[in-house]
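Here's the structure we're looking at; comments come further down.
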Amino acid sequence: MQIKVVIIDDEQHCVDILVSMLARHFPDVEVAEGCNSVMAGKKAIDRHHPGLIFLDVEMPHDNGFELLRQYDRPEFDVVFTTAFENYALKAIKFSALDYLLKPFSLEELAVAVEKYRQKRFQDHASMQENLQVFLQNVKNFPQGPRKIALPTLNGLLFVAVSDIVRCESQANYTKIFFQDKTSKTVSRSLKEFEFLLEDLDFFRVHHSHLINLHHLHSYIQGEGGFAMMKDGTSVEISRRRKAEFLKKASQL
Amino acid sequence: MGGLRSRFWLIVFTGLSLGAEGQRGADQVPYSIRRLPADTQKVNLLLKEASSRLFRPSPGPLQTTDSLLHEAILLAQQLNDSRGLGMAFDLMGVEQRDQSEYRLAIEYHRKALSIANGIRDSALIASVLNNMGVAYRRLDENQQAFSCHLLALQIAEKTGDRREITIATNSIGNIQLSLGQYQKAIEEFDQSLAMETEQHNSNGIALNLANLGLAYEGVGEVDRAIDNFNRSLAINEQNRNLRGIAICYNSLGEAYQRKGNDALALTFFNKAIMANRNASDRIDICQNYLSRGNLLLTTGRFSEGIASLDSSLRIATRIGAKSLALSARSALGAAWEQRGNYRKALDYIEGTIPLKDSLFNEASALHLAEMQALYNLDNKDNQIKLLREQNRLRRMQSRRNWFLALVAFLVSLCGVIVGFFYMRHREVLSHRRALELELRSLRSQMNPHFIFNSLNSIHKYIWSNQTEEASEYLTKFSRLMRIILENTQHSQVLLSRELQSLYLYLELESLRCSNKFSYSIHVDPSINQDDVMIPPLIIQPFVENAIWHGLVHLEGMGRLLVDITLSGKMFVCTVSDNGIGRKKAMEIRQRKGPVHQSMGMKVTQERIKLTSELTRNRETNIEIIDMQDPEGAALGTQVTVRLPAEFLF
């Protein structure tokens, strides 16, 4: 099944590189159009109804997110392309959307395309929700995203950050504990969650523990001590993290 | 020794306020003393001689004593011998008293007292006070006398001077006797007598027996009084103490008169007068005349009685003995009144008024004085206590001051130490900061080196038309650059991040060298790569060095091994290659000229040095081993880097 794509990037050479990479190595991908602005991009999408768009985040007039805002119920999936690892990228990761850091290798492109191939058989609703959560997160960004997309075995799970009590490392997976005492194991490393949540008053108290400081009940003295969470669980704190933990916790 | 002996003499002398005795050759020529050198011993000898003359039962020519004392005074003044001077003045006082010059005597004693006080000689003070008391008593100024003796007693008791205690006790008894407080007087005399007996001082014993007799007579025990007088008389006769004998005669006379034996009484009075006729101190004879006059008057021998009383009054007036004068005047007044010569009677009676007043004042004042003396003593005790307390307080205060000084010293010492450490701490901090800045600048210095090497590689691919390879290389290079840019923001990065960059780097170099070498990175499985932290880009330069100076020149397949372990808290990384070895590499480099320089290595060595300084870790080092086969051919190079590791958790 052919994959119809639209490429939107303000720099023509970036469009050209992607076109030639796709043409040379992905026979099932058809580039319907390459555009240099959000406006041209919207027109191309409406004209071609692509299954996937490659969307540059940073563009001079409107950024890539503006294009997405114009669609309530998008029928396409997005792979962001960006040259910068900034807040936008963090928001993208937060929503478990795909992205390519320019310059990207053929291998990286192949991974992105393969991901889409897997996803496109899933229902559109999940994809739409995913985009909406992303847009919401981007809008809220100064205060931080409200929801985070958790990639589970069955797809994405969108949860409010404030519902997460803590995260526990389980090898390359992470077990997330929620306020309602349920939990979920997610195929993302705790380090990634730390990266995503550290700005939202989460704190890595231990090699295998990341806690939401808003759910901290009390602290019990010890070598490192223990953090008593509001759900009644206790989390060990590393000796080396104690000082910073107490500082962060008291600042709240 | 001389001083001690003269003291002894002085004591003996003062003990005998009513009598004296020559205990040694009284007629020794003073010449033996005069020829002595002028020193304190001479002063003492002069004083000894003078006192011995003063104590003779029948005193010799007074001029001799006088000149002896004057010489002693002059000499003592020359020698600044205060003690000698004090004693000399004391003796001068006694000499004056023996001539009934009581006022003058008191003046001399006063002088002696002020000197004795000046040198704080307690023994001398007590002796002077006792002598002064005796002089006052002769003047019937009992208040002053009492004060003197009480004070002398007090001082003597403190110094344990038995002699002066005895004298003072006797004197106080005498004062009480003259005030009619017989019972008290008896107590004092008994005490004094016991002490004299203890000291085997026969003169003292005789004196106290006589005194006791008077007191017994006062309480009406006339027979007991007579018994005492007789005992005293016996001792005095044995001692040839004329004055003592005379006193006993007079006392016996009065006692017998009281018993109605007027004839015997008269005999004793006459005997007393006979004994006293040559005495220089006229008070005793004055008493004798008075007693005899009264007796004669009562027995109707009027003119004889009047004559006797007149003699008494004349002497009493001259020597200032008030009570004797009063008694004489009263008796004369009564006698003339009886005779009807009222004018004469009035004259005498009028003359008694000032005497009475004076004596009454003495008597009433004495009680006050007694109180005063006691109060003074109490006061003095209190003052002593107060002084002691003050002393104690001062000692405590000075101890406290010491303590405070010590505390202040320790505090300031602590301050200095703290200040020193604070300064050092600041110095260390600023040093540390300088080192950190230097390290940071070294971290950023790393980048250009890398960039140019990689850009050269890409350049090569482009020129050889290897588009895909160029792209692959470029994207990897781009990823590596991202990581390096990120990592070099921090002084420490996670080992996992660092290894990520190392893998990328090795991939790139392997591509560049067309897979001329194989590589492997072995991390001890016990190491948690997301916990251990090391400075960024610390391994890469050694790897780079191994590739570009060891492996690229090698014929055949190169092998690069990076081995990472933890030794305690030390991060140990060994980079080994099977390259050409440093020696050969050096030769090649020299051939190429000095242009090519291992910038990364130099900078890294500098960084490791700085890290070692910053962490004060002596184990931090770089060890390079040139591996050789048994024949000495190079087998490669092994570089071991030891760094203090940090841990995130």
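All of these numbers come straight from a predicted model, not from anything done at the bench. Chain naming here is simple, since letters A, B, ... match the order of the sequence lines and numbering starts at 1 in each.
- Residue Lys460(B) places its NZ atom among more than 12 non-hydrogen atoms of other residues, nucleotides or ligands, all under 6.0 Å distant.
- Going from atom OG1 of Thr475(B) over to atom CG of Leu106(A) covers 8.5 Å, rounded to the nearest 0.5 Å.
- Residues of residues 558-573 of chain B lying within less than 4.5 angstrom of chain A, judged on heavy atoms, are Lys569(B) in numerical order.
- Residue His459(B) qualifies as open at atom NE2: its count of foreign heavy atoms under 6.0 Å is 12 or below.
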For residues 25-32 of chain A, run the donor-acceptor check on the side chains, cut-off 3.5 Å, and write out each pair with its distance to 0.1 Å, sequence neighbours left out.
unit_1   : atom_1 : unit_2    : atom_2 : d
His25(A) : NE2    : Glu468(B) : OE1    : 3.2
His25(A) : NE2    : Glu468(B) : OE2    : 3.0
Asp28(A) : OD1    : Arg117(A) : NH2    : 2.9
Asp28(A) : OD2    : Arg117(A) : NE     : 2.7
Asp28(A) : OD2    : Arg117(A) : NH2    : 2.9

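- By the 6.0 Å contact criterion, CZ on Arg479(B) is open, its count of non-hydrogen atoms from other residues, nucleotides or ligands being 12 or less.
- Residue Asp199(A) places its CG atom among more than 12 non-hydrogen atoms of other residues, nucleotides or ligands, all under 6.0 Å distant.
- Looking at His206(A), only its backbone comes within 4.5 Å of chain B, counting heavy atoms on both sides.
- Contact residues of residues 521-531 of chain B toward chain A are Asn528(B), Asp530(B) (heavy-atom distance under 4.5 Å).
- With a 4.5 angstrom heavy-atom cutoff, Arg204(A) touches chain B via backbone and side-chain atoms both.
- Side-chain atoms of Ser478(B) and Lys102(A), non-hydrogen and from C-beta on, never get closer than 4.5 Å to each other.
- Other residues, nucleotides and ligands contribute only 12 or fewer heavy atoms inside 6.0 Å of the NZ atom of Lys184(A).
- Between chain B and the options Glu108(A), Glu107(A), Arg239(A), the largest number of non-hydrogen pairs under 4.5 Å is found for Glu108(A).
- Using non-hydrogen atoms only and a strict 4.5 Å limit, the part of residues 642-649 of chain B facing chain A consists of Phe647(B), Leu648(B), Phe649(B).
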